[in-house]
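Presented below is the structure to which this report refers.
The figures that follow rest on heavy atoms only: side chains count, while hydrogens, waters and symmetry mates do not. Being a predicted model, the structure only gives us computed values, none of them experimental.
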Amino acid sequence: MTYDPITLGIFWDRLVSIADEVVTALVRSSFSTNVRESYDLSCVIFDTKGRALTQGTYSVPSFTGTAQATLAHLLQVFPPEILRPGDVIMTNDPWIGTGHMFDINVMQPIFRQTRLIGYVMSISHLPDIGGVGYSAVGREIYEEGLRLPPVLFVRDGVVDPVLRAIIACNVRVPEQTLGDIMANVASTTVGGRRINELMDEYGIEDIQPLSDAIIDFSDRSLRAQIARLPDGTWRHAIMVEGTEEPLRLAAEVTITGDEVFADFSGTSPSIKAAINVPLCYTRAMTFHAIKCLTTPRIPNNAGSTLAIHVSAPPGCLLNALPPSPTGGRHVIGHFVQPLLFGALAAALPDQVQADSGMLNVINVQGKNREGEGVSSIFFASGGFGALAGIDGADTTPSPSNMTGTPVEVWEEISGTRVVSKALAPDSGGAGRFRGGLGQRIELVNDGGEALTISCLAGRTEFPPEGVLGGKPGRARRIEIDGTAVHPKGRYLLEPGQTLVTHEAGGGGYGDPAERAPRALLHDIAEGRVTREGALRDYGLNPAALGEGAR
C-alpha cells in the first residue's frame with residue numbers, strides 16, 4: 001500500500017496524537033514530581049520491525065535517542081515469538097537503556113488479536129532506585145542502586161510478585177518508585193489500545209506499510225538537508241568541570257554527501273566518579289544535535305538517525321564501560337550538543353547556537369515536615385544560548401527539556417521553602433543577540449529534618465561560551481549558607497540552613513557592538529541588563545544610552 005502526502009500527513013498526525021496520549025496517561029497516573037511535574041520522560045511507538053515510528057511531542061531527547069537500541073536489546077532476551085498479550089518487559093541497565101540506572105524503560109508488545117503488530121515503550125526517571133541515590137559520588141556502578149537486566153515484569157497481565165518485592169525492599173520510597181513503574185505499565189497499555197482503535201477506524205490490518213512510508217520520508221528529508229551542507233571535516237575541543245580536575249571533550253565531525261560522522265577521539269578517559277557517559281547516551285545527544293541543525297520540525301523516528309554515525313574510543317568519558325559509575329551522566333553528556341555546535345560553527349554560522357547555561361539538577365532525600373520519605377529532584381535552568389536573529393530565552397533548559405516543579409508543590413513534598421526566585425541581570429552573554437538570563441534561587445530547610453542534597457551541575461569553572469564574537473554568559477555558583485560548594489558534591493542541609501543557586505546565563509551570538517541600540521535600551525528598561533552592564537559589556541558610552549537608560 002502507498003500513501004499520498006496528504007493521507008500520510010493525516011496518519012502521521014494521528015500516530016503522534018496517540019503517543020501524546022501515552023505521555024498524558026503516564027503523567028496523570030505517576031506518583032513522583034519527576035514525572036507529573038517535571039516531565040522527565042519519553043514515550044515511543046515502534047513498528048513490527050522494532051523501528052521507532054513516532055514519539056510523544058513532549059519527550060526528553062536522550063530517551064528518544066536511546067529507545068530504539070533499548071528495544072533491540074530487550075528483544076534479544078525476549079524474542080517476539082515468545083511474547084504474549086499482557087506481557088511487559090523492563091530494564092534500567094545503563095548500557096541497555098538511557099545511560100544511568102535512574103531511568104526505567106518499560107515496553108509492552110502491541111497485539112491485534114493474537115498477531116504482534118508493534119511495541120510501545122514508556123521511559124521515566126525514577127525517584128529512587130537505592131544505593132547512594134542520584135548523585136555523582138558513586139565510584140562503581142554497584143554503589144548506585146538496583147540494576148535490572150531485561151526482566152519480564154508482567155506476564156499475561158499479572159505482575160511478578162517477586163520482582164515487585166525486590167524493588168520495594170531496595171528503595172527509600174517504595175510507594176513512589178513502584179507507583180511510577182506501574183504508571184509506565186498503564187501508559188503502554190493505553191498506547192496498544194489506541195493503535196488498535198486507529199486500525200479499526202480505517203480498516204487497516206497491517207501498520208507496516210504506513211511505518212515504512214513515514215520512516216522513509218524522515219530519512220530522505222534528513223539526508224536532503226545534510227546534502228545541502230558543505231562537505232568537510234571540522235574539529236572542536238572544550239574543557240568541562242570534573243570532580244577533581246578539568247576534563248577534555250573532543251569531537252571531529254565529517255560531512256560526506258548525505259551522511260554525518262561524529263567521532264569523539266581525544267576525549268578524556270572515564271573516571272572514578274558518577275559522571276561517565278555510556279555510548280548509547282552520547283549517540284542520542286549526537287542525533288539530537290544534528291537534527292536541530294537539519295530537520296528540527298519533523299517528528300523523531302528511526303529515519304531521523306540512519307544518516308548519522310557515532311563513534312568514541314572504548315573507555316573514554318563518552319563511551320564509558322562497566323563498571324564505571326554513570327548516575328550523573330547528563331552532567332557530561334549534555335555537553336555533546338555544544339561540542340558539536342562548536343565544531344560546526346565555521347561551516348554553519350547561521351544555524352549553530354551559543355552555549356546554554358544548562359540544567360542544574362539537585363536531588364533531595366530525607367524526610368519532609370510530615371515525616372514522610374522524600375526522594376525528589378529540584379530542576380533549575382540557566383539561560384538559553386543566543387542564535388542568529390534571536391536572543392536566548394531566559395531560564396530555559398538545553399539540550400534537555402525538563403520543567404521546574406511549581407513552588408507550591410515543591411514546598412509541600414520536600415520540607416524546604418523557596419524563599420525567592422529572580423532573574424539575574426547581566427548574566428546573559430553580550431552579543432548582537434543576547435544570551436538568555438540565568439536566575440538566583442534561594443531555598444531554606446525549614447522542615448525540621450536534615451536533608452541530603454546531591455548537586456549535579458556544571459558551568460561553574462567554564463561558563464557558557466558565546467559564538468561568532470558573542471561573549472560568555474555568567475558562570476553558575478551553588479552556595480550553602482553563603483559558602484560555595486562543589487557542583488557535583490553531596491551535602492547535608494541541616495534545619496535552618498539555606499541553599500542558594502546562581503544559574504548560568506546563556507552565551508551571546510555575534511559582536512556586542514552590533515546590537516541594536518533600541519534592543520539594548522529595551523533590555524535596560526526591563527532589567528535584563530543594567531546600565532553598568534551595558535557600558536561594560538557592550539562598549540557604549542553614557543551619552544549613547546541617553547536618558548532612557550537611567
Side-chain angles (χ1 to χ4, degrees), residues 17-45 55-64 66-67 70 88-92 97-98 100-108 120-130 133-134 145-146 148 151 153-154 159 163-164 167-168 170-194 330 359 361-365 368 370 372-379 397 400-414:
S17 72
I18 290 172
D20 285 343
E21 190 167 351
V22 179
V23 171
T24 300
L26 173 59
V27 169
R28 291 186 175 178
S29 56
S30 66
F31 281 48
S32 76
T33 59
N34 302 350
V35 179
R36 72 172 186 262
E37 303 290 351
S38 297
Y39 282 69
D40 196 349
L41 58 88
S42 286
C43 296
V44 183
I45 295 171
Q55 66 164 71
T57 304
Y58 197 107
S59 290
V60 175
S62 57
F63 295 178
T64 302
T66 57
T70 300
V88 177
I89 302 166
M90 69 183 192
T91 184
N92 72 334
T98 70
H100 72 176
M101 294 197 298
F102 298 91
D103 301 323
I104 193 72
N105 303 261
V106 177
M107 183 276 284
Q108 185 167 174
V120 57
M121 184 180 295
S122 177
I123 310 166
S124 68
H125 185 112
L126 294 175
D128 186 61
I129 199 63
Y134 186 31
L146 180 64
L148 296 168
V151 293
F153 183 62
V154 182
V159 174
L163 276 174
R164 185 183 179 97
I167 294 168
N170 274 277
V171 301
R172 298 167 178 84
V173 284
E175 183 178 273
Q176 275 195 85
T177 300
L178 287 168
D180 275 8
I181 291 173
M182 294 308 298
N184 279 278
V185 172
S187 68
T188 60
T189 301
V190 169
R193 184 168 65 242
R194 290 291 184 254
H330 75 276
L359 276 173
V361 176
I362 300 172
N363 195 46
V364 178
Q365 293 177 319
N368 63 16
E370 285 71 40
E372 300 168 337
V374 174
S375 187
S376 195
I377 300 172
F378 187 85
F379 289 106
S400 202
N401 57 341
M402 275 72 80
T403 65
T405 301
V407 168
E408 298 83 357
V409 175
W410 177 259
E411 291 181 336
E412 177 68 22
I413 65 141
S414 70

### Message
Please check this pair: side chain of T177 against backbone of D128, looking for a donor-acceptor N/O pair closer than 3.5 Å.
### Response
yes
## Note on the structure
Smallest heavy-atom separation, G97 atom then T70 atom, equals CA-OG1, 3.5 Å
### Summary
On a heavy-atom basis, the closest approach of A183 and S29 is CB-OG, 3.3 Å
### Gap between atom OG1 of T188 and atom CE of M107 - 0.5 Å precision
9.5 Å
### Query
When rounded to the nearest 0.5 angstrom, what distance separates CZ in R36 from OG in S30?
6.5 Å
### Query
Within a reach of under 6.0 Å around OH of Y39, are more than 12 heavy atoms found that belong to other residues, nucleotides or ligands?
no
### Message
Run the side-chain hydrogen bond (donor to acceptor under 3.5 Å, both in side chains) test on Q108 and T189 for me, step by step, so that the C-alpha distance in whole Å, both residues' side-chain angles and the decisive distance to 0.1 Å come before the verdict.
### Response
CA-CA 7 Å; Q108 185 167 174; T189 301; 3.1 Å; yes
### Task
Verify side-chain contact (heavy atoms from CB on, under 4.5 Å) between V159 and M182, making sure each step is shown before the conclusion.
CA-CA 9 Å; V159 174; M182 294 308 298; 3.9 Å; yes
### Message
Using 0.5 Å steps for rounding, measure from the CD atom of E411 to the CG atom of N368.
### Response
12.5 Å
### Task
Please confirm whether the backbone N or O of P127 pairs with a side-chain atom of S375, one donor and one acceptor, at under 3.5 Å?
yes
### Message
Using a 3.5 Å distance criterion without hydrogens, assess whether the side chain of T66 forms a donor-acceptor pair with backbone atoms of F63.
### Response
yes
### Aromatic ring pairing H330/Y134, orientation class (parallel under 30°, perpendicular over 60°, tilted between)
tilted
### Query
For the side-chain hydrogen bond (donor to acceptor under 3.5 Å, both in side chains) test, which of T91, T98, N92 pairs with D103?
T98
### Query
What is the distance from atom CG of L148 to atom CG of N170, rounded to the nearest 0.5 Å?
9.0 Å
### Task
Mind checking the CG-CD1 spacing from N105 to I123? Nearest 0.5 Å is all I need.
4.5 Å
### Query
Of V35, D40, V106, which is the lone residue that meets side chain to side chain contact (heavy atoms under 4.5 Å, CB included) with S124?
V35
### Query
Are the side chain of S38 and the backbone of G404 linked by a donor-acceptor contact shorter than 3.5 Å?
no
### Summary
dist I377:CD1 -> N34:CG (nearest 0.5 Å) comes out at 4.0 Å
### Task
List the atom of V171, the atom of G130, and the distance in Å for their closest heavy-atom pair.
CG1-N, 3.9 Å
### Task
Work out which heavy atom in F153 is nearest to a heavy atom in M90; give both atom names and the distance.
CD1-CE, 3.5 Å
### Message
Minimum heavy-atom separation for G133 and R172, please, with both atom names.
### Response
N-NH2, 3.8 Å
### Query
Which atoms form the tightest heavy-atom contact between T403 and E37, and what is the distance?
OG1-O, 2.7 Å
### Query
Would you find a donor on one side and an acceptor on the other, under 3.5 Å apart, between the side chain of N184 and the backbone of D180?
yes
